[in-house]
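Numbered from 1 within each chain, the chains take letters A, B, ... in sequence-line order. Every heavy atom of this structure was used, including side-chain atoms; hydrogens, water molecules and symmetry mates were not.
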2 protein chains.
Amino acid sequence: MGENNKYSIGEFSEKTGVSIRTLHYYDEIGLLQPEKNPTSGHRIYKHHDILTLQKIVSLKFLGYSLEKITNLLHQSMITVDLNETLTLQLEVLKKEKERIEQSMIIIQRVIKVLEEEGEVDSAILFSLIHSMQTESIQNEWLERHNLTVVVEELSKKTEKEKITLDQTFIQMAKEVKKLYGKPIQNQEVQEMIKAFIEASFEFLGDDLVQQLADAEVEELDIQELENIAPFPFTEDEQEWLNQAMEYYMKEAGME
Amino acid sequence: MGENNKYSIGEFSEKTGVSIRTLHYYDEIGLLQPEKNPTSGHRIYKHHDILTLQKIVSLKFLGYSLEKITNLLHQSMITVDLNETLTLQLEVLKKEKERIEQSMIIIQRVIKVLEEEGEVDSAILFSLIHSMQTESIQNEWLERHNLTVVVEELSKKTEKEKITLDQTFIQMAKEVKKLYGKPIQNQEVQEMIKAFIEASFEFLGDDLVQQLADAEVEELDIQELENIAPFPFTEDEQEWLNQAMEYYMKEAGME
DNA sequence: CTTGAACCTCCAGTTACGTGAGGCGTTATA
DNA sequence: TATAACGCCTCACGTAACTGGAGGTTCAAG
């Protein structure tokens, strides 16, 4: 037992809930250096070390690195300039929080999709996730090309509608992978494309699809969009799909 | 320029937004290993590497470690068992989110206090922060000692009321540090204690304070509470304050 | 053929500790 | 007082997901 007000590292660790190794580490980096018994080398913690550790733990909780804490510790008065740092820290936390919230939403959507579909080709699933994840970047792209209306329309959709879209996307991707290899004029192939295009119309509405079609977008920009959210297809599948769609367009008399 | 569908590491990095050094790293740990020109050793990325990277980035976003991703990557079909992992991941994110939200609230309270006070002794400020931070542990302690009523009452307080309490606490701590050394019978000292006790009454209400006073709590448990949320005083200050309070109690005819 | 950019590998450093080895110091008990 | 059991010491390596630099090779353009 240590005397009153004197704690061995074990006792101090117990008292404060900070591990012995962490205390060793804080000593090592000069953050919290207690007295030492000069002969045995054993550390002796005292009351004021508790206060110092309290500061350290608090600042860590607020998100500071140990290095910054080392600097802050030597100021005995905390002035308004801390305010700035705190505001900054608040911003960082806000960003972090948003990221987490978005992740949660995406996970929930993925769970829903998995529940309904049971088993999904991983390329398809990850294409979907990646697409959700880059939603904001895709929106930027749309806005850069004067398609803000589309962004607005999309943001109005409910979670349910989005899940429906997810499923439509998965269905199409599945079918592409199944039908790939068949001639593009094949009836099944053409029906799949028809179904998909009709689903898109239904989701976005006629005029929005029209706007999308009318938008003047250069090949290079299309390329950029595809880099942001690539389809889950191999090059051959992609090529085949493109041709099948072109054929459909021609047949349907669309531009 | 690379040929179509073949990308040098620089091009691939540009295209995907993942740094060259990270791609090197992913190669090194066997996560994404592109072809290599056997003579020059230069990496050659192709279309399917984009899909793989997409998976990696997505899973990272969902919170998976690179090691887990390495394992998941080899499954081409994602079945319902991923569901479990996702649910787990969701839990983790939820916890993380709560922690962040609590940090944000605390930072906001600290900012408010700093704005009003301008300059605060660091020991006082960090004692306050530490106390906020361990609020839930303090509540546990209270509940263990049949003081659930107090917990409930505290949780009803608005943010504003809490900030007022913060300020009262700071005021008292400041005065303790200022008056320390004067005889405990000194009028100023006794008035400070009176003011503090009255503020506590006002905040908690008469009956709650009574309940707190009546509660049978052993010395050891008090010690435990003090370890959870220590006061910002040196031992001498603490001792002096205790004596001054005892004197006040006696004078006021309280038990 | 030269030059500069792009690429290569290898090594080291980052944060905040966890873990374990091998060896003293302290204390309770026989 | 001997000894066991435990607490403490230092040293040193491992972690995750990279980033940065040194020193050397390859590529593409002029």
Side-chain angles (χ1 to χ4, degrees), chain A residues 1-3 6-46 49 52-53 55-73 89 92 96 99, chain B residues 1-3 6-46 49 52-53 55-73 89 92 96 99:
Chain A
M1 308 285 142
E3 287 171 53
K6 282 188 175 186
Y7 311 99
S8 73
I9 196 167
E11 290 161 353
F12 194 72
S13 165
E14 188 70 21
K15 198 175 164 66
T16 61
V18 175
S19 80
I20 292 179
R21 182 56 183 101
T22 300
L23 291 171
H24 278 163
Y25 181 62
Y26 289 173
D27 188 356
E28 194 187 323
I29 63 171
L31 194 52
L32 179 61
Q33 289 172 320
E35 257 181 61
K36 275 189 173 188
N37 179 324
T39 62
S40 72
H42 286 197
R43 292 170 180 80
I44 305 160
Y45 289 89
K46 298 201 174 164
D49 294 315
T52 307
L53 189 59
K55 286 190 199 178
I56 294 168
V57 173
S58 299
L59 287 167
K60 232 161 63 76
F61 182 79
L62 294 178
Y64 290 89
S65 70
L66 295 188
E67 205 190 336
K68 280 190 184 164
I69 293 176
T70 315
N71 301 330
L72 282 173
L73 270 192
Q89 200 65 38
V92 172
E96 187 67 2
R99 206 193 61 80
Chain B
M1 306 283 142
E3 285 172 56
K6 283 187 174 184
Y7 310 99
S8 73
I9 196 169
E11 289 162 353
F12 194 73
S13 165
E14 187 72 18
K15 198 174 165 66
T16 60
V18 175
S19 80
I20 291 179
R21 199 55 192 86
T22 299
L23 290 171
H24 278 162
Y25 179 64
Y26 287 173
D27 188 356
E28 195 185 321
I29 64 171
L31 194 53
L32 178 62
Q33 288 172 321
E35 258 181 60
K36 276 189 173 188
N37 180 324
T39 63
S40 73
H42 285 196
R43 292 170 178 80
I44 305 160
Y45 290 88
K46 297 199 176 166
D49 293 316
T52 307
L53 190 60
K55 286 190 199 178
I56 294 168
V57 173
S58 300
L59 287 166
K60 232 162 59 76
F61 182 79
L62 294 177
Y64 289 89
S65 70
L66 295 188
E67 204 189 338
K68 281 191 183 163
I69 293 175
T70 314
N71 301 330
L72 282 172
L73 271 191
Q89 200 65 39
V92 173
E96 187 67 3
R99 207 193 60 78

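- Regarding Leu23(B), its CG atom lies at a distance of 10 Å from the P atom of dT19(D), rounded to whole Å.
- Distances from the side chain of His42(A) to the nucleotides dC7(C), dT26(C), dT9(C) place dT26(C) closest.
- Using a cut-off of 4.0 Å between Lys/Arg side-chain N and Asp/Glu carboxylate O, Arg43(B) and Glu35(B) are scored as not salt-bridged.
- Between Tyr7(B) and Tyr45(B), the distance separating the two ring centers is not shorter than 6.0 angstrom.
- Put simply, NZ on Lys36(B) is 20 Å from P on dA6(C), counting in whole angstrom units.
- The distance between atom CD of Glu28(B) and atom P of dT19(D), rounded to the nearest whole Å, is 13 Å.
- When distances run from any side-chain atom of Ser8(A) to the nucleotides dC8(D), dT10(D), dT19(D), the shortest one goes to dC8(D).
- In this structure, the CZ atom of Arg21(B) is 12 Å from the C1' atom of dG13(C), given to the nearest Å.
- Taking side-chain N and O atoms only, Ser40(B) has a distance below 4.0 Å to OP1 or OP2 of dC27(D).
- Regarding Ile44(B), its CD1 atom lies at a distance of 12 Å from the P atom of dC7(C), rounded to whole Å.
- Between Ser65(B) and Thr39(B), the one whose closest nucleotide on DNA chain D sits nearer the 5' end is Ser65(B).
- As rounded to whole Å, 14 Å separates atom P of dC18(D) from atom CG of Asp27(B).
- dA16(C) atom P lies 14 Å from atom OH of Tyr64(A), rounded to whole Å.
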